[in-house]
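Here is the structure we will look at, set down as structure tokens.
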Amino acid sequence: MAGLLNVSSSPHARSGVVTSHIMGDVIIAMIPAAVFGVYQFGAHAAVVLLATVLSCVLSEYLFEKLMNRPVTVGDLSAVVTGLILGLNMPPDIPVWIPCLGGVFAIIVVKQLYGGLGQNFMNPALAARCFLLVSFAGKMSSFTWTSRVPASIDAVSGATPLAMLKAGTPLGTDEITAMFIGNIPGTIGEVSTLALLIGAAYLLARKVIHIRIPAAYILTFAVFVYIFGKQDAGYVLAHLCGGGLIFGAFFMATDYVTSPITPAGQIVFGVILGILTGLFRIFGSSAEGVSYAIIIGNLLVPLIEKYTLPVAFGKEGKRA
Amino acid sequence: MKKCIDRIYNGIIRENPTFVLMLGMCPTLATTTSARNGLGMGLTTMAVLVFSNLIISLLRNIIPDRVRIPAYIVIVASLVTVVQLLLQAYMRSLNDALGIFIPLIVVNCIILGRAEAYAAKNGPLESAFDGIGMGLGFSLALMCIGMVRELLGSGSVFGYTIIPEEYNISIFTMAPGAFFVLAGLTALQNKLKLPSATNNGDNGSVLACGGDCMNCSGSACIANHAMIETRRLQAEEDALAAKQKELAARQEALSGKLDRKDE
């Protein structure tokens, strides 16, 4: 009899989308970039990636156990944070630094604010900035072992972006190398091609929407064209260099720290594009994606407040 | 004498200006790059605080109420000038390290706060001891923050190197590190539940759940709802009983009247 009167509160129809599926898709999308990074920089890059993922997952597990909270390691969000952080590391960094970054990302940025969904900043990016400020030298030295056998073993050279900043013009060959990923840089950001493959997967699976990345990249390109050099090669080099593509598709689109309203997402992308352009062209360092996204994250509540769609029937009543 | 010792305890633990009252955050965050600087700032503030409390307490019946704040500022500023001249004469390196924050002691909220909240209402001896307690609490807090920041940021404690330079996390010597360490130590203080003005246990809460929001993770919500529900029912029952009682009393009175009429 009790079975007949089955009463439950809404929602009655549930979609199969759960956090762990979305996070799993993001992990799959990052695999091309990770594999390319390991191929490009060697085994140490794999160790760095493994270290960040492990430190993120472990610190999440231990913190939640110690605080008597439900353990949410299973939703894979810590793995995503660790992977993004690892892909943001220079390939020859001592392993303890990325581990420290993982602990900071999960405990300080994510768990202290209440766990997944409550963090107001992208944990991986906040940790990257934390490490960048703390270990400025180690975080921005990019040694790179070329795969061409005849050349020298290791080159400790400027990234293409630093060369752009110094005013060195880049030719078509260099831009092609940047697109493929045959350049020094952090583990995950070097190959634009691998990142675009991952991004296409995310878009096809409808995990992310094109609004934020498109607004971001377009605004940035226009900004660089106006305030940098009026030259297609220069703009392309800026687009392929550094973490712009990685940031636009994988970090700016983080659900927790980006606006949920469609108009807000475009505003968010435009703000990120302008900030990145400002940092890259007028700032003192060559790269500015991380700081731009973090500042954008802080503006999200404000953006959402002003782009909230008006409910049907309330159009005329809005003050 | 007991009252004086109580003032010191109050300043260090119960109303610690940094970790409990959250006063004087500007020098706290800015000068604690090392344990030595923190302690120096704390002791300098304490010297000013003790004498300002003493003088303001002595003058509390002379200073007109309407101009008391300017009067306090004049007293504090004179004392700060004296202390700064002394520092320049005898502790040149500390003076250089603290820089602008020594003249800024004039507008330190701890000093004005204690003048307004304590020295203006109490006798000179207690006020002086209040200054000592508050000053010690401030110095201790600043020294703790400075020690943690120095250890993590430059790998040393009071200048003695412990951690090799390679492992220094230099963000801790910068502004964000100050916030991290202050927040961490305040949380630790609250967790250890040193009895203070902000965590005096669960007495005095009107909430059904006891009001212990700090240790509530929301999982107690269902229990709270049940508890609130039983309280509400209890209150309703009480109200009903009271109403019935009143009704009965009125009826009795009425019947009594009727009886009297009958007679």
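So you know, we letter chains A, B, ... as the sequences are listed, proteins then strands, and number each from 1.
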Item to complete: Please flag which part of B:Phe180 lies under 4.5 Å from any non-hydrogen atom of chain A: side chain, backbone, both or neither.
Response: side chain
If you count the non-hydrogen atoms of other residues, nucleotides and ligands that lie under 6.0 Å from [atom1] in [X], is the total more than 12?
X	atom1	result
B:Glu165	CD	no
B:Tyr160	OH	no
A:Leu62	CG	yes
A:Tyr61	OH	no
A:Tyr113	OH	no

Fill in: Residues of residues 115-129 of chain A within contact distance of chain B, non-hydrogen under 4.5 Å
none
Discussion item. For a quick test of reading the model, state the closest non-hydrogen atom pair linking B:Glu166 to A:Lys138 and the distance between them.
Written reply: O-NZ, 3.3 Å
Worksheet item: Which atom pair, heavy atoms only, marks the closest approach of A:Ser134 to B:Ser170?
Response: O-OG, 2.6 Å
Worksheet entry | Steps toward side chain to side chain contact (heavy atoms under 4.5 Å, CB included) verdict (A:Phe135, B:Ile169) | CA-CA 7 Å; A:Phe135 310 102; B:Ile169 310 167; 3.9 Å; yes
Worksheet item: Between A:Phe130 and B:Phe172, how do the two ring planes meet: parallel, tilted or perpendicular, split at 30° and 60°?
Response: perpendicular
Discussion item. Please classify the contact between A:Leu112 and chain B as side chain, backbone, both or neither, with a heavy-atom cut-off of under 4.5 Å.
Written reply: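 Neither part.
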